[in-house]
Amino acid sequence: MIVRLKDSARDTEIEAVLSRIGDPRRVVLPFGRFIIGMGRQDPGGAEVQHMPGVESVVAEMNGPVLAARDANRRGTVVPLGRTLVGGKDLAVIAGPCSVEDKHQLMTAARFVAAYGATALRGGAYKPRTSPYAFQGLRLGGLAILDEVKRATGLPVVTEAMEPEDVDLMRDTVDCIQVGARSMQNFPLLRAVGRAGKPVLLKRGPASSLSELMLAAEYVLVEGNSQVILCERGIRTFETATRNTLDLNAVPVLKSKTHLPVIVDPSHGTGRRDAVIPMARAAVAAGADGIIVEVHPDPDRALSDGDQSLTLDQFRQLMEETRLVAEAVGRRLSTPGAVYSSCAQRPAARTALGWGTT
Ligand code: PEP
Ligand code: MN
């Protein structure tokens with residue numbers, strides 16, 4: 001059972017409710033205070049509904065409750081750098097699949113920053129299908145992310161694969177990615193929940209939308225509602241693309257949950273030539289942002305080169321997607337917007353060809 005407390009609930013009232021619930025857990029989120037019965041039975045369950053201080057009770061817990069739309073009708077916005085993901089402004093998280101070296105990441109970051117990216121992506125810990133494939137620079141990758149973040153001012157999104165990785169990310173990382181293959185790594189979900197930072201939760205390639213929302217519920221139950229859901233393509237019979245990007249997920253998730261939803265057209269297609277059209281489609285479908293792979297030299301990338309955009313293609317993506325954003329009442333930040341803050345960012349000016357004076 002999940003009990004939602006009234007804003008006015010007093011300590012004595014809360015104590016009384018706690019005593020009626022089996023294995024109670026208190027969860028405080030920006031949109032409400034809850035007491036959750038984690039046990040199998042609630043000794044005084046039936047009467048709780050009428051106790052003072054109780055706003056409402058959900059007895060059936062077969063689906064998500066804290067992540068469900070009803071828990072926060074106003075919608076959740078997740079701060080990531082200067083963007084509130086889930087608001088009018090669209091998040092554009094761009095950068096290479098993996099952090100390979102400082103030059104590679106710095107080049108990509110300066111360019112995407114100059115053209116309006118709102119956050120930098122880059123994996124230091126890489127989940128790879130083959131154990132012989134490049135596994136990421138690990139701690140060395142985090143150090144490079146830290147350096148590039150300081151140079152460009154871009155907030156950093158990177159993947160944690162194990163709960164232990166989460167602690168290492170405390171100082172550098174602004175948003176922790178839980179990758180598609182880890183969507184049901186429950187100890188990891190609890191760890192990112194406890195970290196209290198924004199989480200980018202990617203849909204598993206064979207997971208339903210309700211399983212994705214229940215994975216998010218694991219994070220919320222730890223007291224962290226800063227979860228961004230990500231559609232990144234699912235496995236189907238189609239082999240022409242790496243995955244099938246399920247854009248149905250966008251309106252369906254938006255109706256079922258209050259959490260922001262973004263789309264990854266890079267992993268969703270696996271083909272560089274399909275990324276820009278599907279980024280446009282994602283924004284048209286109502287996504288709160290996109291995450292795309294961009295590499296200064298994609299043909300030499302150590303991972304996911306086939307689906308990584310060149311720098312020029314990223315510029316094209318921004319130009320074309322901006323038009324779609326405007327058509328659906330959303331906003332994509334412009335190179336001009338970055339220009340105003342370029343005084344502190346000579347690198348961005350250089351990338352735009354504006355010189356350094
Ligand atoms: C990635 O973002 O590089 C990645 C591995 O994504 P996914 O977990 O969606 O496959
Ligand atoms: Mn990748």
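In each ligand, atom 1 is the first atom listed, and ligand 1 is the first ligand listed.
- For a threshold of 3.5 Å applied to N or O pairs, the pair formed by Cys97 and ligand 1 contains no separation below that value.
- Against a heavy-atom cut-off of under 4.0 Å, Ala180 is close to the following atoms of ligand 1: 7 (P), 8 (O), 9 (O).
- Of all protein atoms, those that are N, O or S and lie under 2.8 Å from the Mn ion (ligand 2) total 4.
- Of all protein heavy atoms, the one closest to atom 4 (C) of ligand 1 is His267 NE2, 3.3 Å.
- The distance from atom CG of Leu209 to atom CD1 of Ile234, rounded to the nearest 0.5 Å, is 8.0 Å.
- Of the N and O atoms on the side chains of Glu60 and Asn62, at least one donor lies less than 3.5 Å from an acceptor on the other residue.
- Shown in contact with Arg181 at under 4.0 Å from a heavy atom are these atoms of ligand 1, numbered in order with element: 10 (O).
- Of the possible polar contacts, none joining the Gln177 side chain to the Val157 backbone as a donor-acceptor pair under 3.5 Å is found.
- Some N or O of Arg121 is nearer than 3.5 Å to an N or O of ligand 1, by distance alone.
- Distances from ligand 1 to the non-hydrogen atoms of Glu293 include at least one value under 4.0 Å.
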- Query: When you look at Arg242 and Gln307, which way does the side chain to side chain donor-acceptor pair (under 3.5 Å) test go after all the steps?
  - Reply: CA-CA 9 Å; Arg242 181 178 178 185; Gln307 67 194 36; 2.8 Å; yes

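- Counting atoms of ligand 1 from 1 in the listed order, those under 4.0 Å from a heavy atom of Gly179 are 8 (O).
- Looking at atom 9 (O) of ligand 1, its nearest protein heavy atom turns out to be Arg232 NE, 2.7 Å.
- Looking at atom 6 (O) of ligand 1, its nearest protein heavy atom turns out to be Lys202 NZ, 2.9 Å.
- Checked options Asp304, Asp306, Asp299; the residue passing with Arg272 is Asp299 (criterion: salt bridge (Lys or Arg N to Asp or Glu O under 4.0 Å)).
- With Gln226 contributing its side chain and Gly196 its backbone, the two residues share a donor-acceptor pair below 3.5 Å.
- The shortest distance between side-chain heavy atoms of Arg138 and Met161 does not fall below 4.5 Å.
- A salt bridge does not link Lys126 to Glu159: none of the charged side-chain nitrogens sits closer than 4.0 Å to a carboxylate oxygen.
- Between the Asp288 side chain and the Ile262 main chain, no donor and acceptor come within less than 3.5 Å of each other.
- Looking only at distances, no side-chain donor or acceptor of Arg26 sits under 3.5 Å from a matching main-chain atom of Ile36.
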